[in-house]
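See below for the structure under consideration.
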Amino acid sequence: MSIKIGVLTGGGDCPGLNAVVRSVVKTAIHDYGMEVVGFMDGYEGLIENRYRDLDDKAVSGILTRGGTILGTSNKADPFNFPILENEKWIYIDRSSQAVRNYERLGLDALIAIGGDGTMAATHGLMNLGIKAVGIPKTIDNDLYGTDQTFGFDSALQTATDAVDKIHTTAEAHHRVMIVEVMGRYAGWLALASGMAGGGDIILIPELPYDLNIICDKIKERNRRGKGFSIIVVGEGAKPIGGDLVVQQKVETSPDKIRLGGIANVLSKQIESLINMETRVTILGHLLRGGIPTAYDRLLATRFGNEAVKLVNGNRYGLMVGLKGQDIEPVPIEEVAGKYRLVPRDSAYIKTAQSIGINFGTDI
Ligand code: F6P
């Protein structure tokens, strides 16, 4: 009997999800003669038994498509599944239902593509007997156990294009322009797009900022005849001793806080301290859209391929990760529930400082 695997995409979407699904299905069918089913909307599909068969035809032509043909959910935690009862959300443990459906379908393994939330749920289900392999995705690049997630490079390209384009208006109108990027509690996207796009000031969650240092940098640029400044800020950035700016709370999500809006706060503060028009562009979900870059397509294809190889080798409980140029599996147990933040001594930060980029701090 052939091996049968289930695959799902969980958490926020990002470019490259379809490239992974395609790689999983093609490797499974062509190399190993396995059968593949795809669960719809992340863990929701496994719990509600919503799935589709995935064959060659189903994954044909999806390599370059953003989003995910399987749909996703960042609310479907099998251990804390939200249900509306009498107009109130209650949370129930539906993990045993997930295991029942996995068994009823005769699955030998589950490949879960997702971020920290998906890996944490997968780890919980592994303890209930599901044999799983994880694949790390997120534009935030904040997953522990891998040097890079797929999705990051595509979001970085979009953010860099935006910072590039902001330059013309900043320069023509002698303004301070603030570009806010996603990234949650990690500054990878802000740091990399700020450097690649030629930003003057980069603010990341890992380095709380001092407003006076930011304003001094802008004034110094003005004195040097650069009558404009570009600030790239991660949504999780905050002042020294200050708080995160929360855009909204999503009660039904395991990660209830949605960040956003720090750029608006900063622009008012900068305008009140120095006499310069300060404008804001918040990139938000634009960063999750569009076609994956060539790099992300390759990484996604390698990850998908490696995940199926692990299944074929009977090696479970692992997440495929990138270590340097190589794909190395790491135990999901070690990854679940952990973030990978920008280290304070990051080589990127040091290089950025050497070329005059300011982080709004004295480090
Ligand atoms: O984790 C990816 C991400 O896009 C974060 O950068 C962002 O904070 C969050 O998801 C937004 O989530 P939602 O799509 O629920 O608004």
Side-chain angles (χ1 to χ4, degrees), residues 12-15 66 138-141 151-207 209 211 213-215 217-219 221-222 226-239 242 244-248 257-291 293 342 348 352 356-360:
D13 72 318
C14 74
T138 166
I139 65 162
D140 304 336
N141 205 26
F152 174 67
D153 188 67
S154 306
L156 171 57
Q157 192 57 57
T158 303
T160 303
D161 286 347
V163 179
D164 280 352
K165 287 182 176 158
I166 279 297
H167 270 83
T168 44
T169 304
E171 193 166 10
H173 288 262
H174 317 295
R175 286 177 181 162
V176 176
M177 300 291 273
I178 310 180
V179 180
E180 179 179 311
V181 300
M182 281 184 165
R184 281 199 310 179
Y185 308 105
W188 297 107
L189 208 44
L191 176 59
S193 62
M195 288 178 75
D200 306 300
I201 298 163
I202 299 175
L203 305 175
I204 61 173
E206 293 85 346
L207 299 175
Y209 60 80
L211 193 59
I213 295 179
I214 296 172
C215 291
K217 170 72 180 177
I218 297 169
K219 287 192 273 185
R221 279 180 55 80
N222 291 346
K226 301 273 188 192
F228 71 95
S229 287
I230 291 178
I231 303 176
V232 180
V233 59
E235 62 182 358
K238 52 179 191 269
L244 292 165
V245 176
V246 175
Q247 188 193 31
Q248 67 181 106
I257 303 242
R258 289 297 174 276
L259 300 171
I262 179 69
N264 289 320
V265 173
L266 267 171
S267 81
K268 288 199 186 76
Q269 292 173 332
I270 291 171
E271 280 195 341
S272 73
L273 288 175
I274 53 176
N275 188 21
M276 261 183 101
E277 194 171 354
T278 302
R279 294 298 187 91
V280 166
T281 304
I282 298 179
L283 297 180
H285 292 89
L286 262 184
L287 296 166
R288 300 224 304 247
I291 60 170
T293 57
V342 178
Y348 269 42
I357 295 175
N358 187 284
F359 286 88

For Val181 and Ser193, the nearest pair of non-hydrogen atoms, with its separation, is CG1-OG, 4.3 Å
Using modelled atom types and a 3.5 Å cut-off, is there a donor and acceptor pairing between side-chain atoms of Lys217 and backbone atoms of Ile357?
no
Check whether any side-chain N or O of Ser154 sits under 3.5 Å from a backbone N or O of Thr293 as a donor-acceptor pair, and report yes or no.
yes
Verdict with reasoning, Ile218 to Ile201, per side-chain contact (heavy atoms from CB on, under 4.5 Å)
CA-CA 9 Å; Ile218 297 169; Ile201 298 163; 3.9 Å; yes
If you define the side chain from C-beta out and look only at heavy atoms, does anything of Met182 sit under 4.5 Å from His285?
yes
Spell out, as yes or no, whether a donor-acceptor pair under 3.5 Å connects the side chain of Thr278 to the backbone of Met276.
yes
Could you report the tightest heavy-atom contact between Phe228 and His167, atom names first, then the distance?
CE1-CD2, 4.0 Å
Taking all non-hydrogen atoms of both residues, which atom of Thr169 and which atom of Arg175 are closest, and how far apart?
CG2-NH1, 3.7 Å
Residue pairs, two or more places apart or on separate chains, that pass side-chain hydrogen bond (donor to acceptor under 3.5 Å, both in side chains) and touch residues 258-276
Ser253-Arg258
Heavy-atom side-chain contact between Leu189 and Phe152 under 4.5 Å:
yes
Give me the atom names and distance for the closest heavy-atom approach of Glu180 to Ile262.
OE1-N, 3.1 Å
Within this structure, what is the CD1-CE distance for the pair Ile166 and Met177, rounded to the nearest 0.5 Å?
4.0 Å
Would you say the side chain of Asp200 lies within less than 4.5 Å of the side chain of Lys226, judging by non-hydrogen atoms?
no
Determine whether Leu283 and Val179 satisfy the following criterion, side-chain contact (heavy atoms from CB on, under 4.5 Å), listing intermediate values before the conclusion.
CA-CA 7 Å; Leu283 297 180; Val179 180; 3.7 Å; yes
Determine, step by step, whether Ile178 and Ile270 satisfy the side-chain contact (heavy atoms from CB on, under 4.5 Å) criterion, reporting the C-alpha distance in whole Å, the side-chain angles of both residues, the deciding distance to 0.1 Å, and the verdict.
CA-CA 11 Å; Ile178 310 180; Ile270 291 171; 4.3 Å; yes
So Leu273 and Ile214, do their side chains get closer than 4.5 Å, heavy atoms only?
no
Would you compute the distance between atom CG of Asp153 and atom OG1 of Thr158 and round it to the nearest 0.5 angstrom?
9.5 Å
Atom of Tyr185, atom of Glu206 and distance for their closest heavy-atom approach:
O-OE2, 3.8 Å
Atom CZ of Arg288 and atom OG1 of Thr138: how far apart are they, to the nearest 0.5 Å?
8.0 Å
Can you tell me how far CG of Leu207 sits from OH of Tyr209, rounded to the nearest 0.5 angstrom?
12.5 Å
Interatomic distance, Leu203 atom CG to Lys238 atom NZ [nearest 0.5 angstrom]
13.0 Å
Closest approach of Cys14 to Ile139 (non-hydrogen atoms, all atoms of both residues)
CB-CG2, 3.7 Å
Straight-line distance of Arg221 CZ to Asn358 CG, nearest 0.5 Å
10.5 Å
